[in-house]
Amino acid sequence: MTPPRTDVGNRVRRALTRMARRQALGSEISEQTRPEDLTRAAHAYLGEAPIVIASNREPYQHVNTPSGIEVIRSPGGLASALDSVARATGATWVAQGAADADRQVVDALGRVRVPPGDERYTLQRLWLEPDLRALEYRRFCNGCLWPLCHIVYVRPHFVAARWRAYQEVNEQFAEAILEALGPRPGLVLLQDYHLGLCASALRARRPDLSIVMFWHIPWPNREVYRTFPWRRELLEGLLACDLVGFHIQYHAINFLDTVAQELESHIDHERFAIRRRGRRTFVRSYPISPDAAEISLAASEPWATRAAAEIRESLGLEGRKVVLGVDRLDYTKGIPERLAAYELLLETRPELRGSVSFVQIAVPSRVDLPEYQALSDLVEELAARLNRRFGEPGRPAIHLILRNLGFRDLIPHYVLADVAVVSALHDGMNLVAKEYVAAKVNLDGALVLSPFTGAARELDQAIQASPYDTEALAAAIGRALTLAPEERSRRMKALREVVAGQNIYDWAIKILRDTRRLHLVPGTTRPGSPR
Ligand code: ADQ
């Protein structure tokens with residue numbers, strides 16, 4: 001039977017739209033900064049100087065399984081973003097070895113080449129004694145600095161023994177970094193709040209090093225920072241760096257402000273720099289982003305579409321719109337607030353019941369701290385209540401998936417989600433928001449975004465709503481679900497332009513370019529400032 005004319009017309013139109021989208025995606029991707037550009041930039045700006053990246057958490061973990069040793073990518077934004085940088089620059093990455101098979105795969109110096117099967121760089125593991133000291137260090141980082149910097153009304157624990165553990169572990173990191181560097185002048189890229197004192201330990205032994213710290217979380221305002229008993233020591237540690245980077249200018253300004261309050265120093269507002277005891281530290285903002293092209297390409301592959309259809313079927317999502325949340329299970333991410341808003345939405349708009357499902361993927365995190373256990377219990381309780389109130393047999397109102405997903409499992413979730421909700425109470429950047437946008441190659445999704453994320457500064461075409469205002473957040477999710485297709489595509493297109501225009505390679509290139517512009521290249525002397 002010949003299909004009616006209108007059917008043929010529709011099919012032709014759909015085929016033409018698909019072709020146009022593929023072409024648009026091709027040119028969007030070809031315009032993005034690539035790993036090779038970063039490789040070239042590192043060479044141009046630093047010559048042969050070695051680069052050492054240091055972070056508390058390792059990018060890959062080796063774990064024992066019944067079928068042998070397996071390698072898994074560590075969850076969390078820092079590890080995924082910096083892995084792309086390490087691959088492109090061939091840097092050595094110093095991090096704590098913590099998984100149960102980590103020792104089995106390294107050489108005598110604690111080194112192993114990664115990523116598995118495509119070895120591009122060296123991971124040098126550092127072994128912290130798994131006793132009280134390592135535990136206390138972790139508790140200081142996650143129970144003190146984390147809540148101190150994220151202003152979310154969770155009180156930081158100030159415990160002197162934990163501070164001492166932090167000092168000691170920072171010394172150990174400095175030792176391991178020096179070992180990884182060898183005698184040549186090099187660039188050290190310290191990552192995050194776990195390593196706040198490392199620069200002073202390095203500087204004391206190797207004044208010739210160039211040291212950059214990237215602080216991945218917010219920097220608090222000076223009133224909050226004033227409560228921190230070791231506030232001066234931490235600032236001294238950071239001022240031993242040549243350059244301190246934050247995601248957004250607001251955090252950089254807070255940092256300058258706290259230094260002005262706490263230490264005798266000269267704040268150079270013109271150059272955005274701090275001079276103290278003859279040293280100068282520059283402060284800059286560098287908004288981080290994922291490798292958008294990698295995500296877009298994966299999302300446009302047939303396997304991703306197939307996997308999305310399989311997830312729909314296995315979770316009973318057919319014929320329903322899907323709202324997605326993806327987070328570490330952390331109280332800063334606003335997960336209970338999001339679930340409360342979803343509950344209010346179903347309560348106040350009964351026509352949505354049975355036509356919407358929520359999928360919340362949350363990887364358990366920092367389970368040794370009571371605040372995190374309480375959060376986990378609360379989220380499970382809220383999900384159970386939602387399902388009791390609004391679920392149908394075989395079709396729950398919310399699926400709570402409490403595990404870490406690999407890249408190939410995560411992408412199809414982004415692909416199938418009609419709406420993603422990022423409702424962090426406070427967040428340095430938030431990569432999930434940008435990953436979702438990067439995966440929406442067909443422009444068929446809407447992003448609800450908290451204004452308290454760094455990402456909200458750039459993603460102004462998202463539907464923004466405060467997680468503290470349940471009604472506003474519920475209304476925003478409702479609006480995102482019912483946006484007219486033209487508006488949804490227009491907003492997503494604008495968001496994609498932002499994410500494509502500034503990726504992880506641009507982020508790293510800007511930092512390296514600044515080491516050159518600000519005369520911080522390893523082994524060179526800065527004009528007007530003793531090294
Ligand atoms: P995080 O607090 O970890 O990062 P975020 O930036 O959102 O937060 O990154 C989370 C990363 O983990 C994303 O790449 C996401 O895909 C992944 N992820 C989350 N849940 C997952 C799950 N269940 N399974 C698999 N993967 C999952 C910190 C700061 C942020 C900052 C980043 C980078 O807190 O503000 O954006 O560092 O600087």
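Excluded from the calculations below are hydrogen atoms, water molecules and symmetry mates; all remaining heavy atoms, backbone and side chain alike, are included. All ligand and atom numbering here is 1-based and tracks the order in the structure.
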Chemist: Heavy atoms only: which of R328, Q191, K333 is nearest to atom 8 (O) of ligand 1?
Modeler: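 Answer by nearest heavy atom: K333.
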Chemist: Once you restrict to heavy atoms under 4.0 Å, what part of W146 touches ligand 1? Side chain, backbone, both or neither.
Modeler: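 Answer for W146: side chain.
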Chemist: To the nearest 0.1 Å, how far is atom 33 (C) of ligand 1 from its closest protein heavy atom, and which atom is that?
Modeler: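 Ranking protein heavy atoms by distance from atom 33 (C) of ligand 1, first comes H216 ND1, 3.6 Å.
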Chemist: Considering only NZ, NE, NH1 and NH2 on the basic side and carboxylate oxygens on the acidic side, decide whether K434 and D291 come within less than 4.0 Å.
Modeler: no
Chemist: When you measure from atom 7 (O) of ligand 1 to every protein heavy atom, which one gives the shortest distance, and what is it?
Modeler: L431 N, 3.3 Å
Chemist: Any idea which protein heavy atom is nearest atom 24 (N) of ligand 1, and the distance to it?
Modeler: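 I find the closest protein heavy atom is L405 N, 2.8 Å.
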Chemist: Ring-plane angle category for F158 and W230, please: parallel below 30°, perpendicular beyond 60°, tilted otherwise.
Modeler: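 Answer is perpendicular, since the angle exceeds 60°.
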Chemist: Find all atoms of ligand 1 within a distance of less than 4.0 Å from any non-hydrogen atom belonging to V326, and give their numbers and elements.
Modeler: 19 (C), 20 (N), 21 (C)
Chemist: Which residue and atom name correspond to the protein heavy atom nearest atom 35 (O) of ligand 1, and how close is it?
Modeler: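 For atom 35 (O) of ligand 1, the nearest protein heavy atom is D427 OD1, 2.5 Å.
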Chemist: Tell me the contacting part of I288 for ligand 1: side chain, backbone, both, or neither, using a 4.0 Å heavy-atom threshold, strictly below.
Modeler: side chain
Chemist: Show the atoms of ligand 1 that are less than 4.0 angstrom away from any heavy atom in L410.
Modeler: 16 (O), 26 (N)
Chemist: Relative to each other, are the rings of F140 and Y166 parallel, tilted or perpendicular (30° and 60° limits)?
Modeler: tilted
Chemist: Are any non-hydrogen side-chain atoms of W146 and T332 less than 4.5 angstrom apart?
Modeler: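 Side chain of W146 against side chain of T332, heavy atoms only: contact under 4.5 Å found.
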